[in-house]
Amino acid sequence: MNQLCLFSSGLELANLLVTSDLLQCSWEAISEIHKQTSTTPHVSYKVYENRPNGTIIAFASSNQDTLSLVQTLGRDLVSSEELKGVFDLFGFVGTNVNPSFSVHKEAVNVFSFLLNELTLLKAQYGNSSPLIITGHSLGGSIASLFTLWLLDGMPPNATKRPLCITFGSPLLGDKSFQQAVSERPTWNSSFLHVVSSQDPFPQLLIAPYNSVAAGSTSQTRLYEPFGTFLLCAESGCACFEEPESTLELLKAMGSKFVRNQNPQNILCFTDYRVILENLKHKSICKEISQLDGSIMDPLLAGIILQLKSIGVETQGDGGVLNSLTTNTVASAKKFLIRKRNVFDPSKKLNDRKVDMAYLEWYKKVAEDEGGYYDSYKNGQSGSRDDIRSREEIIKRHRILTQYWKKIVSEVQKMPQEVGVSLRRRWLYSGTNYRRMVEPLDIADYYRKGHKDYITQGRSGHYILLEQWFNEAKPFQVVSERNKACSLIEDSCFWAHVEEAIISCDILNDGQSSPEDQRSSKENLNRFENCVMDMIKNYEVSPEIFLPQSSFMKWWRMYSIIARKSVGSSPLIDFMKKDYRNYA
Amino acid sequence: MVGEKVGDITGLSEELILKSCKLAIKAHEKFPGKLYIYEKNRGSTDVVFAFAGSWLVDHWYSRKPFGETKVDASKFPSLRSLGSDEIALVNEAFSTRFEQLLIKSSFASEVEKAVSDRKQVVFTGHSSGGPMAILAAIWFLEKYVRPNIYQMPPYSVTFGSPLVGNRIFSHALRRENWARYFINFVMRHDIVPRIMLAPISSTEQGLKLMHDFTSPKSQSFQHVPIGNSAAAPAFFLSVMRNASSVASHAACNPMGWTNLLLETVSCFIEISPYRPFGTYIFCIGNGKLVVLDNPDAVLPLLFYCLQLSPGEENAEFLHGIFKEHLVYESELKESLNMQNVVYIKNLIDIPLSSDAGTNYAAATVNSALNDLGLSTRARLCLRAAGELEKQKLENQKRVDSNQDTIWEGLRRVQEYQTNCEIRKIGYYDAFRNQRDANDFNANVKRLELAGIWDEIMEMIKKYELPDGFEGRKEWIELGTIFRRLVEPLDIANYYRHLKNEDTGPYMVKARPKRYRYTQRWREQAEMRSIGSSSESTFWAEVEELRTKPYSEVKDKVLRLEGQAFAWIRDGILGKDVLLDESTFTKWWRALPVQHKSGSCIASYLGN
C-alpha cells in the first residue's frame, strides 16, 4: 500500500452549506418564532409545511434575553441511570459499548415539559420527507433531542433521513453520549451545528467559560460535541467533525468572552441572518490569507486554511505553528485513517467460501462412511490420506470458527440498528456456515461423552447466528420446498439425535429411575414428532438415512421401543419404506 | 509540461482551430435561417461544420431546475456506465435541438458526403453552438467510427460552450477513449461555460441579457446596461454561487471526505448534474494558454479561475465578463501565434501557495496557476483531483497484477473440462454431481477466481479504477473467457444446492456482478445488442425450463434452441452439452416428438 495522501475538506463542505439556501431557510423559520412575543417560559416551536427544502420544524427559545438565559440556564448533566424510571425516553441512545451517558439536564427538562405536544408532532410529521428540524440556542438542543427520537424509529438504511440544523446551541451531552451517537454513522450525519464566533451562548457549557456561571459544577467540563460543526467567523467558515479538536476550537473561539471583563456588553442576541449573508457573499471571493510557500502537505494546508477562516491563530511565537494547529492536524489524520479502516468482513468472505468448499467436499466423501457427522465423530483414520484430509478439515473448521466468532462479536458491539443491516447481508453465508460446521462441534462434544449440548455446550456465536436468522425470517421470501435440502436446517439436529439415543439407553436400562424413564419417553415422543415434521417439510438431508448414521442407530433402538408401546405412527410408517425415496 | 504546442497536444492543427473559430462565430449570423454552416473546399482535406447558438431560454433548459434527461440510447449506445449500467444524462434542450437538426436539415447527408470523400471532419460551435458540435461528434463516433465504417475520428472544437452532460457522460467518453477528440476553449472570465452549473431560476434573466448584449440588432449590443439594472450583477453572482456549490460538492469526493453529512445534505439541495469532459484550454487573456484534461480538475477550475479578488466586484469587471464571451477569435489568433502554452498533466506536485516554485518547471506551472488566479483552496482541489487519478492508476496496476493468476486458474478449469469430456461427461454435469476429487478441485478454483473478480467488480462499482478500464481489450477478452468457462460452474453449484428453491431462478436473483459486468463489456466492445451475449447462462436457462411442462414454456424452448444452435455452430458453447449423458440432451430428448422433429438443433441431437 502506498502512502495515503489525506485531505481535509472542511472548507468545501462549509462552502457548500453556505452557498445553498438551506441554512438561510432554517434561520428564517426560527426568526418567525422570534417575532412572536410569547410568554411561555422555555421553548416554542412552529411547523412550516412544504417549504422549498421540505417541511421545517423550528424550535426557538421564547426568551430572547440572552443575558437572563445565560444567568438562569442550568449547566448540570443528568445521567441515563438517574433518568431511568423518571424519564426513560432517551434510553435508546445507549449501546453495548456505551451503555450509560449523560445529557444536559435543562434540555431534558424542557423536552419532558413539551412531551405531549412533541409526541403529536412526531406522529404527524415524523415520516414526512424531506424534513428539516432546526432550532436556536436551547431550542437547538430540543431540535437535536427530537431528531434523535425520530431517528430511533427509522431503519438504518432509510435513504430519507431528517436533517437537524442548530444555531448557537449549547453542547448537549458528555463523551459517552457523543460516542454512542457516533456509533451510528447515519445518526451522527444528521446533525449540523452552526456556531458563530460572536455568539456567547454555545460557550456556556464549555469549561473555561464560567465567569457568569452560577452554580456551575465540575461536570461542565465533561460536555463534548457530536455531529458536524459549522464554525463561522467574520473572516469565513469551516466544518469540523472530529469531536476533540472541535471542542478545542470552540474554546479558542470563545476565549475572547473570557477575556472580556464585562459580559453584559457582549451578551446580545446573535442574528445568524447577517452572519450567513456575509459568508454567502464571501464564498465567491478569494481568500486573502496566504500560505507559507514551503507547505506541501495538503492536509496541513487544508487545516491551516480552515483555522484561518474561522479567525483562530495558527502561529505561535516566532512564526511556528502553534500546538492548537498541530493537534488539530494530528487528530484529523487519526480520525480520517480510522474511518478508512472500518471493519469490513466482506473482504475475507470469499476466502471463507473456499474453506466451506473443503467441508462440503468432506461431507460428500463421507457419505460412504455414514455421513459426515458420524464419520467425523468416529474419527476413523485408516489410510494416510484420511489422516491428511482430517487434518485439513480440522484446520478449515478452526479458521471458519475464528472468522465467524469475530464477525459475531463485532456485530454484537454495534448498536442494534446498525448491526441489523449488516446481519441481513451476511445472513446467507452465516446460516450456511452454522448448518455445515455446528454438527462437527456437536460430534466433538458427544464423542467426549458429554451431554446436553444445547444447554451446556453450545457456543454463543451459533446461538446468535440462529437468533438473527430467525429475526430476519419475516423479511425473507421463502417458497415451499419440494426437494430435500442438502444441509439440515436445524443445525442442532444431531444434538437432538444424540439426546434421543441417550433417552433410549435410559429406557432400555432396567435400573434407571421411573422419573428418568418418564422424561426420556417424553423426550423421545417430542423428537419423533419433530423429525416427522422436518421430513414432511424436506428440512433434513437424505444422508441421515445412511445405514451407519447416528440417526439410523437411534431409529433401530427406538423402533423397537415404539412398536412395543404404540405400534404405529407416521414416522414408523415412513421408515418402513418411504424413506428410501426421500430426496 | 511546458513548451508543447496546442497542435501537438490536441492533434488538431492551429490553422484548423482558427478556421473553426472563425466559422463558429460566423454561424451565428445565419441563424435562425440556417442551423449550421460548413465550408466546402474542393482541395481541402477537411470539412468544418459550424453550429449556431441561441439565447432562447427554451434552447437551454427544457424544465426546472437543470433540464437534464437520459440520453437516447438508440443514437448514443455508448453513453452509459457498463458496470452499474447507468445511462448518461444530457441537457434535454440541447439534445432536442440536435435531434431537430438531424430530422429537419440535410446535415446527416452532408456528413455522409464528407465521409465518402474521406475528409477529416470537424464540428465546431461557439456559445450554445458548442453543445451541437459536441453531440454531433459523439453521433459521428457512434455512427461511423465505432462500427469501423470510417477510421478517421472527428473533432469537436468549442469556444465558450456551456456544459452538456453529467458524470456518466464524461466517464463513458473516457472509457471509449473518445474524450481526447473534444477540445474546449474557455476564456478565463467567460461566464457562459459556467451557466449550466446554475438552475434555470437564476439564469433566465441572464440569458436574455446575453441575448441583448450579443445580438447586433439589439440596442444594447456589446453594452451591458449595468448602471440601470441589477440583473447583470445578480446573474453573475448567482451563477458563481452555484458554480461554487458544485465545485465544493464535487471536491468532497476526490478529497476522500467520509463525512456522511454530505450525503444527508445532498438530499436537501439541488446541485447541477453537469460535468466537463475532454481537453480544456483556458485562455488567460494575455495570450497564455493553460491546458488540462482531468475532468475532476477542470470542474473546480471553472469556478476558481473566475473567483473575485477583493475589490473586483464592480461594473467594469462585470462588463468585461460579458465581453469575454465575444473575443475568442481575436484572442486565439494571438495566443495560437504566441504558443505560450502550459499543459498541466501532473497535478500531484503543483505548489499550494502562489509564491512557491524553486525550479524552472515548478515556477512555470506556478506562474500559470497565478495567471489563472488560483488560491490555495483552488490548488488543493487540483491536488486532490490528481491524487484521485493517481490512486485509480495504482488500483489498476494492482488489479493488472492478478492477470497471471487468473490465466492460471482458467487453465486449470479448462483442463477439468477436457478431462470430463474424455470421460464422456460434460463438465457442467460432472461439476453438478461433485463425484470425485477433480470436481472438488475445480470448485476451489472457481471460488479463488470469484474472489479475485469480485474485488475488481467492487472497485468498478465504486469508480475506483480509471474510466478506461472497462474498455481495455485484454480485460474484455479475459472477462469473456472467464465468463464462458466458469459461469456454468456457478450455475451448476447454484442448482446443485437447490438455491433456486429458496432464492428463485439464478438469472433473476443470483447472477453475480462478475458475469453481468463482463457480459456488458463484450457487448459494448463488439457492438452487440444488450443481452445478446448470454451464452454463458445457457445452463441456467436449461435448468429453469426442464422443471416446467413443455406447454408452458414452448416459446422459451424455441428461443433457447435457436440461440444454442448458433452458439454451438460458432464454437462459443462447447459441444459437450450434446453428450448423451448431458442434462440438456436428456431433457431435450424427453420433449414431445412433434417438437423435436421440427427443432433446429435436431441435427445435433437427432439420434
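Just the heavy atoms: all of them, side chains too, but no hydrogens, waters or symmetry mates, feed the values below. Here is how names work: the chains are called A, B, and so on, in the same order as the sequence lines, proteins then strands, and each is numbered from 1.
With A:Ser9 contributing its side chain and B:Cys252 its backbone, the two residues share no donor-acceptor pair below 3.5 Å.
B:Leu380 places a side-chain heavy atom less than 4.5 Å from the side chain of A:Leu305. In this structure, the side chains of B:Leu262 and A:Leu16 come closer than 4.5 Å at one or more pairs of heavy atoms. Side-chain contact between B:Phe440 and A:Lys364: absent, with no pair of heavy atoms (C-beta onward) separated by less than 4.5 Å. Using a 4.5 Å heavy-atom cutoff, the side chains of A:Tyr358 and B:Val444 are in contact. Considering only heavy atoms from C-beta on, A:Leu17 comes within 4.5 Å of B:Val265 through its side chain.
The CZ atom of B:Phe268 lies 5.0 Å from the CG atom of A:Leu163; values are rounded to the nearest 0.5 Å.
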Give every donor-acceptor pair under 3.5 Å between a side-chain atom in residues 450-459 of chain B and any protein atom, sequence neighbours left out.
{"unit_1": "B:Asp454", "atom_1": "OD1", "unit_2": "B:Arg514", "atom_2": "NH1", "d": "2.9"}
{"unit_1": "B:Asp454", "atom_1": "OD2", "unit_2": "A:Asn350", "atom_2": "ND2", "d": "3.3"}
{"unit_1": "B:Asp454", "atom_1": "OD2", "unit_2": "B:Arg514", "atom_2": "NH1", "d": "3.1"}

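With a 4.5 Å cut-off on non-hydrogen atoms, A:Leu6 does not touch chain B at all. The part of A:Asp297 that comes within reach of chain B is its backbone (N, CA, C, O), which places non-hydrogen atoms under 4.5 angstrom from that chain. Contact annotation for A:Pro162: only backbone heavy atoms (N, CA, C, O) come within less than 4.5 Å of a heavy atom of chain B.
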For this session: Could you please spell out the steps behind the side chain to side chain contact (heavy atoms under 4.5 Å, CB included) verdict for A:Lys286 and B:Leu308?
Result: CA-CA 6 Å; A:Lys286 252 173 255 177; B:Leu308 295 173; over 6 Å; no
For this session: Evaluate salt bridge (charged side-chain N to carboxylate O under 4.0 Å, His left out) for B:Arg496 paired with A:Glu360, printing each intermediate quantity in order.
Result: CA-CA 12 Å; B:Arg496 168 179 139 72; A:Glu360 199 184 294; 3.2 Å; yes
Problem set entry | Chi angles and distances behind the side chain to side chain contact (heavy atoms under 4.5 Å, CB included) call for A:Asn15, B:Arg377 | CA-CA 11 Å; A:Asn15 188 58; B:Arg377 212 177 109 197; 3.3 Å; yes
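Side chain to side chain, B:Asn242 and A:Thr19 fail the donor-acceptor criterion of an N or O pair below 3.5 Å.
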